[in-house]
Amino acid sequence: MIILPQRFYQDRPDNVARKLLGKILVRIYIGQRLSGMIVETEAYFGPEDPASRARRGGNLARVMASQPGIALVYGIHRQWLLNVVAHPPGGVGAILIRAIQPLEGIDVMKRLRKVNDLRQLTNGPGKLTRALAVDKSFHGKPLYSKETGLWIEDYMNVPVSKVARSGRIGVTEDLEEPYRFYIVDNPFVSVKKR
DNA sequence: CGCCAGATTGACT
DNA sequence: GTCAATCTGGCGG
């Protein structure tokens, strides 16, 4: 298993969002491996992006401009959402991990989520953080190291023919270009759209 | 400290 | 399809 190195995230957010499809998100929870393959992501940019938290300033904007490869966790509607900071040197940006396909520790994840249906386990940004017991304590911690018990491993490269794009979900004001990436026909993608 | 919008989810018509 | 629970973070006072 190879943990994605920090330089993996030193690229434009849309490139990193695309590259993260097919990689594995791993969480060590009470000594056990919980994991899933990333099947859906969204790229967020700097202040020029109307849907980006970077526009609002404050701590989140600072973190989005800091070290690529660190986690950005923030709360909305009582859920935690997991992002990875990604941008070229001097840039601003982050990737929202919107859905994973469960691989390891499924029973534990079901217990944490209080659901039995595999399809419903991690097919949404708030659902997967709950299933992996990811919370604010990971905010600002590196995802390119085993230290914190949360990281992303290399796994497979998804061929271009299996990647689809759409506008970002749930945002009130989006950019012209579609910045949501997902694996075609994967049953764990959160919502169908266009 | 109060206000309030929001990258959601799940329950319900 | 609609809708509200529920809470974080930013900002104004």
Side-chain angles (χ1 to χ4, degrees), chain A residues 9 12-21 23 25 36 38-66 68-87 91-102 109-141 143 150 152 164-183 186-194:
Chain A
Y9 304 100
R12 292 169 38 139
D14 49 337
N15 289 339
V16 178
R18 161 72 182 82
K19 289 190 296 185
L20 277 173
L21 296 176
K23 307 302 187 243
L25 179 63
I38 298 170
V39 299
E40 182 183 353
T41 57
E42 281 177 4
Y44 287 85
F45 298 86
E48 74 281 7
D49 179 353
S52 175
R53 296 339 257 198
R55 167 167 277 208
R56 296 164 177 273
N59 170 262
L60 291 173
R62 277 194 294 281
V63 173
M64 284 182 76
S66 69
I70 66 175
L72 183 155
V73 179
Y74 95 97
I76 184 168
H77 295 275
R78 88 177 185 282
Q79 329 288 331
W80 294 112
L81 270 53
L82 174 63
N83 299 250
V84 198
V85 175
H87 52 72
V92 182
I95 316 305
L96 169 67
I97 300 177
R98 282 196 57 89
I100 65 176
Q101 173 171 345
M109 292 195 275
K110 283 180 175 175
R111 207 166 66 232
L112 287 165
R113 277 269 294 131
K114 298 184 173 68
V115 299
N116 267 315
D117 185 356
L118 187 63
R119 299 288 184 98
Q120 294 296 316
L121 199 52
T122 55
N123 64 335
K127 295 177 184 178
L128 73 90
T129 54
R130 189 72 184 267
L132 297 181
V134 169
D135 60 22
K136 183 72 184 292
S137 66
F138 291 94
H139 185 60
K141 301 286 173 55
L143 294 178
L150 182 69
I152 301 176
R165 303 177 61 154
S166 83
R168 294 173 293 186
I169 306 294
V171 301
T172 47
E173 198 184 346
D174 207 350
L175 293 164
E176 287 282 315
E177 288 281 309
Y179 286 117
R180 168 175 174 252
F181 300 82
Y182 60 97
I183 298 179
N186 186 286
F188 297 93
V189 168
S190 66
V191 297
K192 306 295 172 196
K193 183 180 173 186
R194 255 196 325 131

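Any value given below was found using the heavy atoms of this structure, including those in side chains, with hydrogens, waters and symmetry copies removed. Here is how names work: the chains are called A, B, and so on, in the same order as the sequence lines, proteins then strands, and each is numbered from 1. Everything numeric in this text was worked out from a predicted model, so none of it was measured.
Distances from the side chain of A:N59 to the nucleotides C:dG10, C:dT8, C:dC7 place C:dG10 closest. Ranking C:dA5, B:dA5, C:dT8 by closeness to the A:R56 side chain, first place goes to B:dA5. Considering only the side chain of A:R98, B:dT8 comes nearest among B:dT8, B:dT9, C:dG9.
Rounded to whole angstrom, the span from the CG atom of A:L81 across to the P atom of C:dT8 amounts to 13 Å. In this structure, A:R78 atom CZ and C:dG9 atom P are separated by 16 Å, rounded to whole Å. Straight-line distance from the CZ atom of A:R180 to the P atom of B:dT8: 11 Å, rounded to whole Å. Between the CZ atom of A:R168 and the P atom of B:dG6 there is a distance of 14 Å, given to the nearest Å. Rounded to an integer number of Å, the gap from NE2 of A:H77 to P of B:dG6 is 9 Å. For the pair A:Q79 CD and C:dA5 C1', the interatomic distance rounds to 10 Å; values are reported in whole Å. Rounded to an integer number of Å, the gap from CD of A:Q120 to P of B:dG10 is 7 Å. The CG atom of A:D135 sits 14 Å away from the P atom of C:dC7 (whole-angstrom rounding).
Within the structure, a side-chain polar atom (N or O) of A:K136 is placed less than 4.0 Å from OP1 or OP2 of C:dG9. Distances shown here put every side-chain N or O of A:K114 at or beyond 4.0 Å from the OP1 or OP2 atom of B:dG10. Applying the 4.0 Å criterion to OP1 and OP2 of B:dG10, one finds that A:R113 has a side-chain N or O inside that range.
One finds no salt bridge joining A:R165 and A:D14 here, because no Lys/Arg side-chain nitrogen approaches an Asp/Glu carboxylate oxygen to under 4.0 Å. Checked for salt-bridge contact, A:D117 and A:R119 miss the test: no charged N lies under 4.0 Å from a carboxylate O.
A:R55 comes within 4.0 angstrom of nothing in the nucleic acid, heavy atoms only.
With hydrogens and angles left out, the side-chain atoms of A:K19 and A:N15 include no donor and acceptor closer than 3.5 Å. In this structure, a donor-acceptor pair under 3.5 Å is present between the side chains of A:Y44 and A:E42.
Proximity of a side-chain donor or acceptor of A:R168 to a complementary backbone N or O of A:A43 within less than 3.5 Å is detected.
Pairing of C:dG1, defined by two Watson-Crick or G-U wobble distances under 3.5 Å, is identified with B:dC12.
Mapping A:G58 and A:I76 onto DNA chain C by nearest heavy atom places A:I76 closer to the 5' end of the strand.
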